[in-house]
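Reviewing the structure listed below.
Keep in mind it's a predicted model, so treat the numbers as computed, not measured. Proteins get letters first, then strands, A, B, ... in listed order; numbering begins at 1 in each.
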2 protein chains.
Amino acid sequence: MIDHSADRAVFRQLADLLRRQIESGDLAPGDILPSELRLAEDHKLSRTTVRQAIGQLRSEGLVTVDRPRGTFVRVPEPVELIPLTTGARVSARMPTASERRRHRLRDGVPVLVVTAPDGAATSYPADRVQLTRP
Amino acid sequence: MIDHSADRAVFRQLADLLRRQIESGDLAPGDILPSELRLAEDHKLSRTTVRQAIGQLRSEGLVTVDRPRGTFVRVPEPVELIPLTTGARVSARMPTASERRRHRLRDGVPVLVVTAPDGAATSYPADRVQLTRP
DNA sequence: TATTATTTGTTCGTATGTATA
DNA sequence: TTATACATACGAACAAATAAT
């Protein structure tokens, strides 16, 4: 599976492989991934490289780490619908440190930012909120 | 500045330090950060640790790397306003690999996903698009 | 209750590759 | 051509938190 002579970096190849398993449902939401050491042994890689791959998946929001229990495929959160008021503008970005704390956001989860006509901005956790235009 | 005896990981302390410089404007959009080697020397850290800190800022969308010129404070992109049609739902998440390619997204930039009442979903680069409710 | 094993987190070091000025 | 700077990948060691014995 992993091709050291390939153009694509080894850690990206491992991330691709795990991502495919997640997207295909082979690794379902809530499932635990093999441990870093296990992945390193199975694919003949260093743990450093395995961690790079997992870090990639974390930044994509596909897995969450519950230390030291293991790394798990993210389970979708229940979504709250919030109606947009007239004149509102919607953007999205990665959260600031304080937003991460306030919303208890995990890696790879953006915030939705709603700016009212008067300039007041409110941010929402993008994994638990959808905005609606009624 | 960096306290090895502190509870917070050194690479997080360095990320905090650089983040503060960016947020205060001390490092302005378009400015180049000190090189990894320079940061490592200045703060008496390994380059690995410096890279962890910069990787954190990349995943937050605060800096972009133009290899091998250097690492730069991200410059805001011109924003296109797109009106929401009635019944649309808006969410945000990190892009898939194909979305990253298609929209030429850099690290730490989410996508805005608009789902029409018929279920058709469209994704937009969150650094160049804002959605409006007219 | 105490100890051990497991697993992720942090940090160091080293080496080589690649793209740019 | 050379120097610079980031990217990738290896290895090693210890810490911290949870689970198992």
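- Residues meeting the side chain to side chain contact (heavy atoms under 4.5 Å, CB included) test with Ser46(B), sequence neighbours left out: Thr48(B), Thr49(B).
- The side chain to side chain contact (heavy atoms under 4.5 Å, CB included) search around Ser123(B) returns Glu99(B), Arg102(B), His103(B), Val111(B), Val113(B), not counting sequence neighbours.
- Listed by chain and number, the hydrophobic cluster partners of Val75(A) come to none, as no ILVMFWY side chain reaches under 4.5 Å of it.
- Summarising the local packing, CZ of Arg100(A) is surrounded by more than 12 heavy atoms from other residues, nucleotides or ligands at distances under 6.0 Å.
- When DNA chain C is scanned 5' to 3' for any atom under 4.0 Å from a heavy atom of chain A, the first and last hits are dT7(C) to dT10(C).
- Between Arg69(B) atom CZ and dA3(D) atom C1' the separation is 17 Å, expressed in whole Å.
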When you compare the protein's N or O atoms with those of nucleotides 8-16 of chain D, which come within less than 3.5 Å of each other, and at what distance?
| residue | atom | partner | partner atom | Å |
| --- | --- | --- | --- | --- |
| dT8(D) | OP1 | Arg12(A) | NE | 3.2 |
| dT8(D) | OP1 | Arg12(A) | NH2 | 3.1 |
| dA9(D) | OP1 | Val10(A) | N | 2.4 |
| dA9(D) | OP2 | Val10(A) | N | 3.1 |
| dA9(D) | OP2 | Phe11(A) | N | 3.0 |
| dC10(D) | OP2 | Ser46(A) | N | 3.3 |
| dC10(D) | OP2 | Ser46(A) | OG | 3.1 |
| dC10(D) | OP2 | Thr49(A) | OG1 | 2.3 |
| dG11(D) | N7 | Thr48(A) | OG1 | 3.4 |
| dA16(D) | O4' | Arg67(A) | NH2 | 3.2 |

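- Under the 4.5 Å side-chain contact rule for hydrophobic residues, Leu14(B) and Leu62(B) share a cluster.
- Contact annotation: Arg58(B) side-chain N/O to dA7(D) OP1/OP2 distance is under 4.0 Å.
- Both distances falling under 3.5 Å, in either a Watson-Crick or a G-U wobble arrangement, place dT2(D) opposite dA21(C).
- Remark: dT1(C) base-pairs with no nucleotide in the shown strands. Criterion, Watson-Crick or G-U wobble with two distances under 3.5 Å.
- Side-chain atoms of Gln56(B) and Glu60(B) form a donor-acceptor pair, as typed in the model, at a separation below 3.5 Å.
- Ser5(A) and Asp3(A) are linked by a side-chain donor-acceptor pair at a separation below 3.5 angstrom, with hydrogens and angles left out of the test.
- In this structure, the CG atom of Leu37(B) is 15 Å from the C1' atom of dA7(D), given to the nearest Å.
- Taking Arg128(B) as the reference, nothing meets the side-chain hydrogen bond (donor to acceptor under 3.5 Å, both in side chains) condition, with sequence neighbours excluded.
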